[in-house]
Amino acid sequence: QVQLVESGGGLVQAGGSLRLSCAASGRTFSTYTVGWFRQAPGKEREFVAGVYWSGGSTTYADSVKGRFTISRDNAKNTVYLQMNSLKPEDTANYYCAARLYGRRNLQYEYEYDNWGQGTQVTVSS
């Protein structure tokens, strides 16, 4: 198992940027496929972005393509989500999730078995 802690959320105006971090402890993070999900009030949790453990290929939801970038620094056991051109509809609690040797393009909640507690992102108009 790996323990995940998100940070970097906050309040930002529309058009602004935030960088979220997902720090892992407990195991070598480089062998985990990692995803970012978000959940807005009254809505289901949805996939945002993912990074494959082998080779680092990335996947994005259509709603964030071109605005968000997921990356990882294995030396720091951390995965980042750079969010630019934020919109009010990006407001949500953001979670990172991980799966040991998870396959590429992992986009469903049930495919991940390690979750952080979340960090709130609020985008004002």
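Of all non-hydrogen atoms in Gln82 and Ser17, the two that sit nearest each other are NE2-CB, 3.9 Å. Shortest non-hydrogen contact noted between Ser21 and Trp36 is O-CH2, 3.6 Å. Minimum interatomic distance between Ala14 and Pro88 (heavy atoms only, all atoms of both residues): CB-CD, 4.1 Å. Scanning all heavy atoms of the two residues, the minimum distance from Val2 to Ala98 falls at CG1-CB, 4.4 Å. Of all heavy-atom pairs spanning Thr33 and Gly102, the tightest one is OG1-O, 2.6 Å.
For the pair Glu6 and Leu20, the minimum side-chain heavy-atom distance is 4.5 Å or more. Looking at heavy atoms from C-beta onward, Arg38 lies in side-chain contact with Asp90 at the 4.5 angstrom threshold.
In this structure, the side chain of Arg104 does not engage the main chain of Tyr52 through any donor-acceptor pair within 3.5 Å. At distances below 3.5 Å, at least one donor-acceptor pair connects side-chain atoms of Arg103 with backbone N or O atoms of Asn105. Put simply, the side chain of Asn114 never gets that close to the backbone of Ala97: no donor and acceptor are under 3.5 Å apart. With hydrogens and angles ignored, the 3.5 Å screen pairs no side-chain donor or acceptor of Thr122 with any backbone N or O of Thr91. Proximity of a side-chain donor or acceptor of Tyr112 to a complementary backbone N or O of Leu106 within less than 3.5 Å is detected.
Applying the disulfide (SG to SG under 2.5 Å) definition to pairs two or more places apart or across chains, those involving residues 31-125 are Cys22-Cys96.
Ring planes of Trp53 and Tyr101: perpendicular class, angle over 60° (limits at 30 and 60°).
In the hydrophobic clustering of ILVMFWY residues, with side-chain heavy atoms under 4.5 Å counting as a link, Leu4 and Val51 come out together. Follow the hydrophobic side-chain contacts under 4.5 Å out from Ile70 and you reach Phe68 in the same cluster. Val121 and Tyr95 fall into different hydrophobic clusters, where Ile, Leu, Val, Met, Phe, Trp and Tyr side chains are chained together by heavy-atom contacts under 4.5 Å. Tyr80 and Phe37 fall into different hydrophobic clusters, defined by Ile, Leu, Val, Met, Phe, Trp and Tyr side-chain heavy atoms under 4.5 Å apart, directly or through other members. Linking Ile, Leu, Val, Met, Phe, Trp and Tyr whenever their side-chain heavy atoms come within less than 4.5 Å puts Met83 and Val123 in one cluster.
Taken to the nearest 0.5 Å, the CD atom of Gln39 stands 10.5 Å off from the CD atom of Gln120. Residue Gln13 holds its CD atom at 9.5 Å from OG of Ser125, rounded to the nearest 0.5 Å. Here the CD-CG distance, from Gln1 to Asp113, works out to 6.0 Å after rounding to the nearest 0.5 Å. Note that CG of Leu18 is 9.5 Å distant from CG of Leu81, once rounded to the nearest 0.5 Å.
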Item checked: salt bridge (charged side-chain N to carboxylate O under 4.0 Å, His left out) assessment of Asp62 paired with Lys65 -> CA-CA 5 Å; Asp62 289 343; Lys65 278 181 183 176; 3.2 Å; yes
Next item on the list: Show your working on side-chain contact (heavy atoms from CB on, under 4.5 Å) between Trp115 and Glu109 and close with a plain yes or no.
Entry: CA-CA 10 Å; Trp115 289 84; Glu109 286 186 67; 4.0 Å; yes
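Of the options Thr78, Val79, Leu100, a side chain to side chain contact (heavy atoms under 4.5 Å, CB included) to Phe29 is made by Val79 and by none of the others.
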